[in-house]
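To keep things clear, I will list the structure first and then write my remarks on it.
All values reported here derive from a predicted model rather than from experimental measurement. Each chain gets a letter, A, B and so on, in the order its sequence line appears, and its residues count up from 1.
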Amino acid sequence: MVSYARPSSASIRDANLYVSGLPKTMTQKELEQLFSQYGRIITSRILVDQVTGISRGVGFIRFDKRIEAEEAIKGLNGQKPPGATEPITVKFANNPSQKTNQAILSQLYQSPNRRYPGPLAQQAQRFRLDNLLNMAYGVKSRFSPMTIDGMTSLAGINIPGHPGTGWCIFVYNLAPDADESILWQMFGPFGAVTNVKVIRDFNTNKCKGFGFVTMTNYDEAAMAIASLNGYRLGDRVLQVSFKTNKTHKA
DNA sequence: TACCATT
């Protein structure tokens with residue numbers, strides 16, 4: 001079976017949808033069934049966690065025609081799929097490419113370590129020394145909550161902040177102009193940081209006041225939280241904690 | 001502006 005090139009015309013351009021808020025149990029087939037009422041689906045995908053294989057609750061649907069995608073947005077955005085408890089978000093997908101490179105560049109050039117001489121780096125140094133002592137001599141101190149280690153191997157589905165590939169940290173009270181580099185700079189000194197994200201308003205591109213940081217090791221994440229929660233960044237006091245699932249309530 | 005997710 002060869003795959004034929006599809007004609008590139010305005011009618012089929014930008015017919016690709018990004019879907020979020022999907023039930024974790026929804027399969028690709030079920031996703032297609034949901035959207036197929038609006039037109040011919042060319043491709044579909046559900047993104048999964050690389051470690052656990054569990055759905056990340058987001059996916060893509062590419063329709064044959066733009067008008068089909070538009071109708072699907074009208075019909076499904078903000079709606080609950082059959083059996084779902086939460087509504088899904090359906091919007092046109094961003095163009096791939098441009099955005100991921102920004103994070104990589106940030107990672108390469110910001111050099112998370114050694115940018116923060118001062119109290120934070122000193123605490124991080126203190127903690128690393130503490131870890132070395134622990135490994136070398138079995139010394140266990142308040143900085144090394146090794147009791148959690150038994151949990152880290154359990155795929156951690158129900159452990160707050162743990163998505164399977166690291167420990168996800170919620171950072172609140174970032175300034176509107178905050179960007180990813182500040183997160184690398186703040187958290188990098190505490191250990192291995194695999195991902196940072198500033199959540200922005202789609203229209204204004206201003207930070208919505210919060211972001212996320214993923215760290216590989218529990219003890220380093222815990223140290224970063226203990227050190228950075230309440231930290232004054234500019235004229236704001238940050239709130240830093242492991243990420244939870246539920247939306248903030250009262 | 002209190003809990004992401006962009007193949």
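Salt-bridge check for A:E71 with A:K74: passed, with a basic side-chain N closer than 4.0 Å to an acidic carboxylate O.
In this structure, A:Q239 atom CD and B:dA2 atom P are separated by 12 Å, rounded to whole Å. To the nearest angstrom, C1' of B:dA5 lies 9 Å from NZ of A:K24. The CG atom of A:D177 sits 15 Å away from the P atom of B:dT1 (whole-angstrom rounding). Per the geometry, NZ belonging to A:K197 stands 16 Å off P belonging to B:dC3, to the nearest Å. We find that CD1 of A:I169 is positioned 21 Å from P of B:dA2, with the value rounded to whole Å. The nearest whole Å value for the distance from the CD atom in A:E180 to the P atom in B:dC4 is 15 Å. Between the C1' atom of B:dT6 and the CG atom of A:L22 lies a distance of 13 Å, rounded to the nearest Å. In this structure, A:I88 places its CD1 atom 15 Å from C1' of B:dA5, rounding to the nearest Å.
The two residues A:P23 and A:S55 come nearest to each other via the heavy atoms O-OG, 4.4 Å.
Note: A:F63 and A:F35 have tilted aromatic rings, judged against thresholds of 30 and 60 degrees for the angle between ring planes. By the 30° and 60° cut-offs, the orientation of the rings of A:Y172 relative to A:F170 is parallel.
Listed candidates were B:dT1, B:dA5, B:dC3. Nearest to the side chain of A:F210 is B:dC3. With B:dC3, B:dA2, B:dT1 as the candidates, the nucleotide lying closest to the side chain of A:Y172 is B:dA2. Closest to the side chain of A:F170, from the set B:dA5, B:dC4, B:dA2, is B:dA2. For A:T214, taking side-chain heavy atoms from C-beta onward, the closest of the listed nucleotides B:dA5, B:dC3, B:dC4 is B:dC4.
Close to B:dA5, at under 4.0 Å from its OP1 or OP2, lies no side-chain N or O of A:K91.
When each of A:F212 and A:D201 is assigned the nucleotide of DNA chain B with its nearest heavy atom, A:D201 is the one assigned upstream, toward the 5' end.
Taking the six-membered ring wherever Trp is involved, the centroid distance between the rings of A:Y18 and A:F92 does not fall below 6.0 Å.
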